[in-house]
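Along the sequence shown, residues are numbered consecutively beginning with 1. Order of listing sets the numbers, starting from 1, for every ligand and every atom in it.
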Amino acid sequence: MKATNITWHEGKVTKEDRRNLNNHQSFVLWFTGLSGAGKSTLSVAVEQELYKRGIRTYRLDGDNIRHGLNKNLGFSPEDRKENIRRIGEVSKLMVEAGVVTLSAFISPYREDRNMVRELVEDNEFIEIYVKCGLDVCEQRDPKGLYKKARAGEIKGFTGIDAPYEAPENPDIIVETDQQSLEECVENVLLYLEEKQLIPVHTKS
Ligand SMILES: Nc1ncnc2c1ncn2[C@@H]1O[C@H](COP(=O)(O)OS(=O)(=O)O)[C@@H](OP(=O)(O)O)[C@H]1O
Ligand SMILES: Nc1ncnc2c1ncn2[C@@H]1O[C@H](COP(=O)(O)OP(=O)(O)O)[C@@H](O)[C@H]1O
């Protein structure tokens with residue numbers, strides 16, 4: 001904290017009021033994993049399904065946020081930490097607003113992900129480990145970045161010459177090199193239903 005002469009000003013409409021108006025809970029789905037593991041694809045598909053069920057959502061995605069809010073940040077460990085800190089704070093605001101927030105970032109450092117978990121309340125942070133072998137991510141190489149990293153054109157690329165610390169105790173694991181996209185989406189939605197974070201869906 002740099003500023004000292006600041007005072008919190010409470011509003012009259014609470015997070016619970018907003019949730020009641022929306023008729024559903026609000027929380028963060030935090031997708032972490034290697035580049036190419038499927039974070040964006042999965043978060044887009046989960047959001048679409050939640051939308052169909054009448055749930056208010058917003059998606060925050062690494063590449064997109066780095067075009068705007070975080071365009072002054074690179075990929076050093078310090079910049080990645082600041083990237084995740086800001087996204088954590090934005091995610092928290094979204095949860096306060098009563099929205100289900102889908103945040104998809106490599107977020108390679110355990111400490112940084114835990115920092116976000118600490119920012120919100122106990123049942124408001126759901127860590128989804130989007131697990132996929134480096135060999136498969138590299139074969140997929142959707143943006144040609146692994147090729148560039150192997151050629152030395154990108155330095156400090158996650159999984160090649162920068163670390164990825166896998167979650168030790170994620171709430172959900174999806175294995176995108178073994179499960180179809182539909183199965184991964186189903187996993188996430190079943191978890192949310194079981195935890196009573198979203199209403200149970202009866203297929204018509
Ligand atoms: N050095 C390096 N390492 C990893 N990724 C890189 C790098 N340079 C650019 N990119 C592209 O940036 C996307 C990752 O941004 P994130 O904000 O999710 O990264 S982080 O959480 O701060 O580590 C990542 O997107 P995804 O492939 O969707 O994960 C890449 O497209
Ligand atoms: N089960 C799956 N879940 C998500 N993506 C998958 C799956 N199986 C294959 N893919 C493919 O893997 C690639 C993942 O790319 P992307 O979603 O951009 O990953 P990330 O956001 O983690 O970098 C996409 O081309 C997607 O179609």
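- Between Lys195 and Asp171 there is no salt bridge, since no side-chain N of the basic residue sits under 4.0 Å from a carboxylate O of the acidic one.
- Shortest contact from atom 1 (N) of ligand 2 to any protein heavy atom: Gln179 O, 2.9 Å.
- When each atom of ligand 1 is checked for a heavy atom of Gly62 under 4.0 Å away, the hits are 17 (O), 18 (O).
- Heavy-atom proximity to Lys39, at under 4.0 Å, picks out these atoms of ligand 1: 29 (O).
- The nearest protein atom to atom 13 (C) of ligand 2, hydrogens excluded, is given as Arg140 CD, 3.8 Å; this is a heavy-atom distance.
- Some N or O of Gly156 is nearer than 3.5 Å to an N or O of ligand 1, by distance alone.
- Among the atoms of Lys39, some N or O lies under 3.5 angstrom from an N or O of ligand 2.
- Of all atoms in ligand 2, listed by their number and element, those nearer than 4.0 Å to a heavy atom of Leu181 are 1 (N), 2 (C), 3 (N), 4 (C).
- Of all heavy-atom pairs between Leu69 and Val90, the closest is CD2-CG2, 3.8 Å.
- Looking at Leu34 against ligand 2, only its backbone comes within 4.0 Å, counting heavy atoms.
- Nearest protein heavy-atom contact of atom 8 (N) of ligand 1 is Phe75 CE1, 3.4 Å.
- In Asp63, the part holding a heavy atom less than 4.0 Å from any atom of ligand 1 is the side chain.
- Under 4.0 angstrom from ligand 1, the non-hydrogen atoms of Ile106 come from both its backbone and its side chain.
- Donor-acceptor pairing under 3.5 Å is lacking for the side chains of Asp112 and Ser107.
- Of the protein's non-hydrogen atoms, Gly36 N, 2.7 Å is the one closest to atom 23 (O) of ligand 2.
- With a 4.0 Å cut-off on non-hydrogen atoms, Leu34 does not touch ligand 1 at all.
- Neither the backbone nor the side chain of Ala104 has any atom closer than 4.0 Å to an atom of ligand 2 (non-hydrogen atoms only).
- Closest protein heavy atom to atom 2 (C) of ligand 2: Thr176 CB, 3.6 Å.
- Here is the list of ligand 2 atoms found below 4.0 Å of a heavy atom in Ser35: 23 (O).
- Counting heavy atoms only, Asn83 comes closest to atom 20 (S) of ligand 1 of the residues Thr32, Asn83, Asp61.
- Within ligand 1, counting atoms from 1 as listed, the ones closer than 4.0 Å to a heavy atom of Ser35 are 26 (P), 27 (O), 29 (O).
- Using a 4.0 Å cut-off between heavy atoms, Phe157 contacts ligand 1 through both its backbone and its side chain.
- By the rule that hydrophobic residues join a cluster once side-chain heavy atoms approach within less than 4.5 Å of another member, Ile65 and Leu102 end up as members of separate clusters.
- Here the closest heavy-atom approach between residue Glu165 and residue Arg110 is recorded as OE1-N, 2.9 Å.
- Hydrophobic cluster membership differs between Ile198 and Val28, with clusters built from Ile, Leu, Val, Met, Phe, Trp and Tyr side chains linked at under 4.5 angstrom.
- Heavy-atom contacts of Ile84 reach the following atoms of ligand 1: 21 (O) (cutoff under 4.0 Å).
- The protein heavy atom nearest to atom 3 (N) of ligand 1 is Arg80 NH2, 3.2 Å.
- Listed by atom number, the atoms of ligand 2 under 4.0 Å from Cys184 heavy atoms are 1 (N).
- Within the 4.5 Å cutoff, the side chain of Phe125 has no heavy atoms near those of the Val95 side chain.
- Residues Gly33 and Lys39 approach most closely at O-NZ, 3.2 Å, considering heavy atoms.
- Side-chain N/O atoms of Arg80 and Thr158 include a donor and acceptor closer than 3.5 Å.
- Across every non-hydrogen atom of Pro163 and Pro108, the tightest pair is O-CB, 3.3 Å.
- In terms of heavy atoms, Tyr58 sits closest to Val99 at N-CG1, 3.5 Å.
- Of the protein's heavy atoms, Lys143 NZ, 3.2 Å lies nearest to atom 26 (P) of ligand 1.
- Between Glu49 and Lys52, at least one side-chain N (NZ, or NE/NH1/NH2) sits under 4.0 Å from a carboxylate O, which counts as a salt bridge.
- Arg66 NE, 3.4 Å is the protein heavy atom nearest to atom 15 (O) of ligand 1.
- Near Phe105, meaning under 4.0 Å from any of its heavy atoms, are these atoms of ligand 1: 17 (O), 18 (O), 21 (O).
- Under 4.0 angstrom from ligand 1, there are no non-hydrogen atoms of Leu73.
- Between Arg86 and Glu89, no side-chain nitrogen of the basic residue sits less than 4.0 Å from a carboxylate oxygen of the acidic one, so the salt-bridge criterion is not met.
- Between Glu78 and Lys81 there is no salt bridge, since none of the side-chain N atoms of the basic residue sits less than 4.0 Å from a carboxylate O of the acidic one.
- In terms of protein heavy-atom proximity, atom 19 (O) of ligand 2 is nearest to Gly38 N, 3.1 Å.
- Side-chain atoms of Asn83 never come within 3.5 Å of backbone atoms of Asp79 as a donor-acceptor pair (strictly under, hydrogens ignored).
- In this structure, Arg66 satisfies the cation-pi test against Phe75, with its NZ or CZ atom closer than 6.0 Å to the six-membered ring centre and inside 45 degrees of the ring normal.
- Remark: ligand 2 and Ala37 share an N or O pair separated by less than 3.5 Å (distance only, no angle test).
- Of all protein heavy atoms, the one lying nearest to atom 18 (O) of ligand 2 is Ser40 CB, 4.1 Å.
- Considering every non-hydrogen atom in both Tyr129 and Ala166, the closest pair reads OH-CB, 3.6 Å.
- Looking only at heavy atoms of the protein, atom 24 (C) of ligand 2 is closest to Thr41 OG1, 3.7 Å.
- Taking NE2 from His24 and CG from Leu192, the interatomic distance works out to 12.0 Å, rounded to the nearest 0.5 Å.
- For atom 30 (C) of ligand 1, the nearest non-hydrogen atom from the set Leu145, Ile160, Thr158 belongs to Leu145.
- The protein non-hydrogen atom at the shortest distance from atom 21 (O) of ligand 1 is Ser107 N, 2.8 Å.
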